[in-house]
Asks: 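One structure coming up, written as structure tokens, with questions to follow.
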Amino acid sequence: MKPLKAECGHNALDVRDDFPLLDQLVHGQPLVYLDSAATGQQPQAVIDAVARYQQTDHANVHRGVHTLSHRATEAYEGARDRLRRFINAASRREIVLTSGTTESINLVAQSWGRPRLGPGDKVLITHLEHHSNIVPWQIVCEQTGATLEVAPILPTGEVNLDALYALLAGGSVRLLALAHVSNALGTINPVAAIIRRARELGAVVLLDGAQAVPHMAVDVQALDCDFYAFSGHKMFGPTGTGVLYGREALLDAMPPWKGGGDMILEVRFDGTVYNDLPYKFEAGTPNIAGVVGLGAAVDYLENVGLDRIARHEAALTACLTERLAAIDGLRLVGTAAHKAGVQSFLVGDIHPHDLGTILDHQGVAIRTGHHCAMPVMQHFGIPGTARASLALYNDAGDIDRLVAGIRKAQAIFA
């Protein structure tokens, strides 16, 4: 890997060549990919790991006595061990493999929340949340009679901590669920301090880490959270993969959410004995190839270095924000003091979808719409935004292309 080099006021990671998809033309223009908050691209190492598994090791896991099944099981469980190390869980029993953040949060809602919540209990979330950290709690509150409460956000897009702490102190909050990083605004929540306050007041804490794990080191033991959910495709692995970290004592006391093969030790018509952790939450044949690729993604991120990635993206985010703020008529949406590489914005009267289409014809891929965070948009009184999101493979040249595309759109609509 090439050394860091100074470029446009930040250190550039020379890793773009590791991502083959980025080497293409879109509408005759070199691709600039600024939509990693939606899904990250896969490095060649991940693509190769999946192909190698499919070509040489493909079999079902945990069930077979033959060589291919043993090899597939070793690859699959090896990925679990990598994921345990990646977030510093205390035990591999605390790593439940899921289809993504959405399933992980639903698992907690139904397996932890549904048996424990009732009338008078509260689930607390924030106004920043992705729909996947809103709807599962609405459903479980409807099922149990519990109440869903929402902590407000400030005009900067930061959680109003005074209001959050007041809601926590009000009593009856059984669970607090919040994003580590906002997918719509890039706000990095002060989760360590929030968790300390919540635990002092007896609340269980779940963090939606989908937008955090690709961009910064995460240590669940240091954070002291109870649950941490994230997705493989956000961290440059395959889609349809994800993780739920849960404290072993909590997971052990939770009933299975789904029934089927592999989550059982013994099945009789008069009763079933469930499997040990983490397998009692992993019913059915899993996405074996995807999990193998996710393990390779962990290796790739660790080889590049999460601290290097965080420094690179922080500097690039500052550059992106400065360049966008200098464009006449452009409004930044979300101006938190501590941000990840996500910036929402509006450009005059240009509809975000029109802006996104013009940028696409310049080879620049951004996201437009509400970003599965409609309450965030409602807070700002807008239907949606344009959103540029960064990853380790972006550089200052990508920002130049984005700015040039925005100016072209302004000229078209002048």
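The first residue of the sequence shown is numbered 1, and numbering continues consecutively from there. What you see is a predicted model; the values in this text were computed from it and never measured.
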Asks: Could you tell me which residues satisfy ring pair (Phe, Tyr, Trp, His ring centres under 6.0 Å) with His66, sequence neighbours excluded, listed by chain and number?
Replies: none

Asks: Checking the side chain of Lys122 only, and the main-chain atoms of Ala146 only, is there a donor and an acceptor separated by less than 3.5 Å?
Replies: no

Asks: Does either side chain, that of His233 or that of Gln42, offer a donor lying less than 3.5 Å from an acceptor on the other one?
Replies: no

Asks: Among pairs that include at least one residue of residues 174-183, which meet side chain to side chain donor-acceptor pair (under 3.5 Å), considering only residues two or more places apart or in two chains?
Replies: Asp121-Arg174, His180-Tyr228

Asks: State, with a plain yes or no, whether a side-chain heavy atom of Leu301 is found less than 4.5 Å away from one of Ile309.
Replies: yes

Asks: Are Tyr300 and Asp18 close enough that a side-chain donor and a side-chain acceptor fall under 3.5 Å?
Replies: yes

Asks: Between His131 and His370 (judged by ring centroids, cut-off 6.0 Å), do the two rings come close enough to count as a pair?
Replies: yes

Asks: Would you give the length of the straight line joining atom CG of Leu207 to atom CG of Leu176, rounded to the nearest 0.5 angstrom?
Replies: 8.0 Å

Asks: Keeping Arg71 on the side-chain end and Thr56 on the backbone end, is there a donor-acceptor pair under 3.5 Å?
Replies: yes

Asks: In Å and rounded to the nearest 0.5 Å, what is the NZ to OG1 distance from Lys339 to Thr321?
Replies: 6.0 Å

Asks: Under 3.5 Å, side chain of Asn133 to main-chain N/O of Glu129, donor-acceptor pair present?
Replies: no

Asks: With a 4.5 Å cut-off on side-chain heavy atoms, are Phe230 and Ser104 touching?
Replies: no

Asks: Taking CG in Asp23 as the centre, count heavy atoms belonging to other residues, nucleotides or ligands within less than 6.0 Å. Is the count above 12?
Replies: no

Asks: Are Glu94 and Ser91 close enough that a side-chain donor and a side-chain acceptor fall under 3.5 Å?
Replies: no

Asks: Tell me, do Ile125 and Leu148 make a side-chain contact under 4.5 Å, heavy atoms counted?
Replies: yes

Asks: Are side-chain heavy atoms of Phe227 and Ile105 found at a separation under 4.5 Å?
Replies: no

Asks: Which pairs with one or both residues in residues 240-251 pass side chain to side chain donor-acceptor pair (under 3.5 Å), sequence neighbours excluded?
Replies: Arg93-Glu248, Asp224-Arg247, Asp226-Arg247

Asks: So how far is it from Arg52 CZ to Ile47 CD1, rounded to the nearest 0.5 Å?
Replies: 12.0 Å

Asks: Go through Val243 and Val213 one step at a time and tell me if the side chain to side chain contact (heavy atoms under 4.5 Å, CB included) criterion holds.
Replies: CA-CA 11 Å; Val243 174; Val213 291; over 6 Å; no

Asks: How many angstroms lie between CD in Gln29 and NE2 in His27, if you round to the nearest 0.5 Å?
Replies: 10.0 Å

Asks: Just checking, is any N or O donor in the side chain of Ser231 or Thr101 under 3.5 Å from an acceptor N or O on the other one?
Replies: yes

Asks: Rounded to the nearest 0.5 Å, what's the gap from NE2 on His58 to CG on Leu68? Could you check?
Replies: 9.5 Å

Asks: Taking the side chain from Arg116 and the backbone from Trp112, do they hold a donor-acceptor pair closer than 3.5 Å?
Replies: yes

Asks: Give a yes or no answer on whether the side chain of Asp35 reaches the backbone of Ala365 with a donor-acceptor pair at less than 3.5 Å.
Replies: no

Asks: Quick one about Thr73 and Glu77 (side-chain donor to acceptor, distance below 3.5 Å, no hydrogens or angles considered), yes or no?
Replies: no

Asks: Do Ser389 and Ser36 have side-chain atoms, one donor and one acceptor, less than 3.5 Å apart?
Replies: no

Asks: Is the side chain of Asn275 donor-acceptor paired with the backbone N or O of Asp262 at a distance under 3.5 Å, no angle test?
Replies: yes

Asks: I want to check something: taking the side chain as every heavy atom from C-beta on, are Phe345 and Leu355 in contact at a cut-off of under 4.5 Å?
Replies: yes

Asks: Does a salt bridge link Asp299 with Arg85, judged by any charged N lying under 4.0 Å from a carboxylate O?
Replies: yes

Asks: Measuring centre to centre across the rings, with the benzene-like ring taken for any Trp, is Phe236 within less than 6.0 Å of Tyr393?
Replies: yes

Asks: Check the pair His338, Thr187 against side chain to side chain donor-acceptor pair (under 3.5 Å), reporting the backbone distance first and the verdict last.
Replies: CA-CA 6 Å; His338 301 288; Thr187 306; over 6 Å; no

